[in-house]
J.: 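Pasting a structure here, questions to come.
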Amino acid sequence: MNYTLHMNVLRNCLYLALVLATTPLFAQADDDILFTVGDDEVTVGEFKYIYSKSNGEEADFSKASVQEYLDLYQRFKLKVARARAMGLDTVQLLQDELTGYRQQLTDNYIIDRQVTDKLVAELYERQQKDVDFSHIFLPFDGNPTPEDTLALYQEAVSLKASVTPANFAAKAGEVSKDAYSAERGGRIGFVSAPFPRGLDRLETALYTAPAGEVVGPVQTTNGYHLAIKHAERPAYGEIEVGHILIRKPKGAPLGEVPPASIQTAKAQIESGEDFAKVAGEYSEDTQTKDNAGYLGFFGINVYDPAFEKAAFALTEDGQVSDIIETKAGFHLIRRISRRRVTSLDEIRPLLETKVKSDDRFARAKRDLLQQLRVQSELTVREDALEGYLSGLDGTQFASARWQPTEVEGENKLLWTTENGRQGTVADFQQYLLRNNRQRIALARGPGATAATAARKLFDGWLDEELFKYAESRLEQDYPEFAALMREYREGILLFEATKMEVWDKASEDSTGLLAFYEKNREEYQWGERATVSAYTIDTKTDVDVNSVVTFAGSHGPEEVIKKFGEERVQVATDDYELDRLEEMELLQPTVGSTSMLKNDLRKGVATFYRVDALLPPAPKQLDEARGYVIADYQDELERQWVERLRGEYDVKVNKRVLNKIIQ
């Protein structure tokens, strides 16, 4: 079998396992030894994991099921042992394959599990509720310095001391710089997660705060907020509507009498007139009037609050609201459908995109790095670092021709971790060389020095090394990660050994294949077959289709072509097993049976089938059954191979441990 094809199949299988392997199947592996193959030991935990994963919901740990899978897994381990004995675990190409899979898993576990998945779950939980809040906003003035930020924070802290739930609206009207809400006592109203980019900290504060309590100061991208949550409710989700709009003059006050045109439209709809027809006649929304006023799906805080309130108040599909007034004019709203918050699995891709483009993702990664600093017991030798930074030449460091320098003695060690990892000046300088563009850009930045630029790069280097530390602990921190890596490692070995010992032999050993076929040729039989002619008639010519069908009923394909000509009629004759006849327009397994005529006007052809003869069962020749014979020969070679391996490797099962697994 083709090597590349096998590798693609294996790669796809392993990738599928990577996508699906998101939930650990055991909390802690049982270290008892279930069986051994030569010197290789298989624990109860390993067996339970692979048994459960392979059998899914049918993993009942019954005696028959466990015994069957135990035999299967022993055969698997025998092949892996043979692969190691062949030295396949030292082949560089296979090691590179494994390294690539491990890197995919690493990204999944370090970033997705510890950052993305947590943020997605948190955001999804918040989306189940809408929150109603007010805030007082104190903005930054331009691009603030650290001193400006501290001064504004202190101002917000001082203000909070005088703000209570009772006077919040009055204080917002006096001091809030949010032009939209200040005149409304800081009232924003109901909102849903996620908040706009840069406001995720405010979102967190409001979703976690009790109602009626002043929270803050909360720093966001543009300033500081004091906020109070008034209430929360089940999320509205999204609604799909159409509307009819009669506009009013810009700046016209609310509370006017609805114009006659909207009242007429309402009366026509109530009398049974089609909403789309009325919208086309009366609506002044030129973008939607000719499409039944269709606005599509929307959630809260997209349109005027009065419009949204009326739309979400509709309880049935097809229901039309009363006349609603907004700043834009007067509306009739027709509900088309309503969808609540969907399941996490359905919405996960969208939420992942949202969190990864939000400040919360970068902050969560920073939090993770800080956790890794603590976990790794990272110790930075600041004296050695400062000594190196102070010796940098600014002109040289900003040049593309900068080269590392040697540092001797104690000052060459810059950091260490609890597991013995360390970084030296030489290591740091190699990092600087790998990041030449960033080094030059930072060193040439406004107000930059070689020391400040190198310090930023040092922090980036530490982050990179902390991720390497986390990667080095994955097998220790995640038992299911270790199990997956074992699966991949042994799967690659199994594939390569099977290819060499079975697949290649079955494909290349023509003498053995022929001998196997001769020994088992009674297994490769044609069932009853029919010789069928498929007629294709060009209806764009002057041929009479019905005449062709009638003539074919009493004459063979050659005679039909001779009479009507190859340019008008084409015939393809082949043998088919009887169960295929139903696919040919319900053709019957009798000589002379003719299918219904099928006329394809678009292609300009008519087709029909006719049974010319019935054939009795007959043996298949090797060329006719080659695919089946090769597959069976592979199975035979594999059985022989496993039997040889059982003779080469001693397989021992701990019956006492096995009996504890069986339920």
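In this text the structure is predicted, and so the values were computed from the model without any measurement.
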J.: Can you list everything that forms a side chain to side chain contact (heavy atoms under 4.5 Å, CB included) with K171? Sequence neighbours excluded, please.
T.: I136, S162, V163, N167, E174
J.: How would you list, by chain and number, every residue that makes a side chain to side chain contact (heavy atoms under 4.5 Å, CB included) with D148, sequence neighbours excluded?
T.: P144, T145
J.: Apply side-chain hydrogen bond (donor to acceptor under 3.5 Å, both in side chains) to N436 and list each qualifying residue two or more places apart in sequence or on a separate chain.
T.: R439
J.: Please identify each residue that fulfils ring pair (Phe, Tyr, Trp, His ring centres under 6.0 Å) with F330, with sequence neighbours left out.
T.: none
J.: Applying salt bridge (charged side-chain N to carboxylate O under 4.0 Å, His left out), name anything that partners D477, two or more places apart in sequence or on another chain.
T.: R473
J.: Taking side chain as C-beta onward, heavy atoms only, is F397 less than 4.5 Å from L432?
T.: yes
J.: Output every pair passing ring pair (Phe, Tyr, Trp, His ring centres under 6.0 Å) with a member in residues 141-183, not counting sequence neighbours, ordered by first then second residue.
T.: Y153-Y224
J.: Test of understanding: with ring pair (Phe, Tyr, Trp, His ring centres under 6.0 Å), list the residues that count as partners of F297, not counting sequence neighbours.
T.: none
J.: Excluding sequence neighbours, so at least two apart, what forms salt bridge (charged side-chain N to carboxylate O under 4.0 Å, His left out) with K266?
T.: E270
J.: Which residues pass the side chain to side chain contact (heavy atoms under 4.5 Å, CB included) test with A426, not counting sequence neighbours?
T.: T424
J.: When you check the gap from the basic side-chain N to the acidic O, do E487 and K53 get nearer than 4.0 Å?
T.: yes
J.: Only pairs at least two apart or in different chains count here, so list each salt bridge (charged side-chain N to carboxylate O under 4.0 Å, His left out) that has a residue in residues 291-301.
T.: none
J.: Ignoring hydrogens and angles, state whether a donor on the side chain of E240 or Y294 is under 3.5 Å from an acceptor on the partner side chain.
T.: yes
J.: Under the ring pair (Phe, Tyr, Trp, His ring centres under 6.0 Å) rule, collect the residues that match up with F458, sequence neighbours excluded.
T.: F428, W461
J.: Centroid-to-centroid, F133 to H230, below 6.0 Å?
T.: no
J.: So do the side chains of E308 and F298 get within less than 4.5 Å of each other, counting heavy atoms only?
T.: yes
J.: Hey, does the Lys NZ or Arg CZ of R486 hover above the aromatic six-ring of Y488, less than 6.0 Å from the centre and inside 45° of the axis?
T.: no
J.: Distance-only check: which donor-acceptor pairs under 3.5 Å involve side-chain atoms of residues 365-373, not counting sequence neighbours?
T.:
none

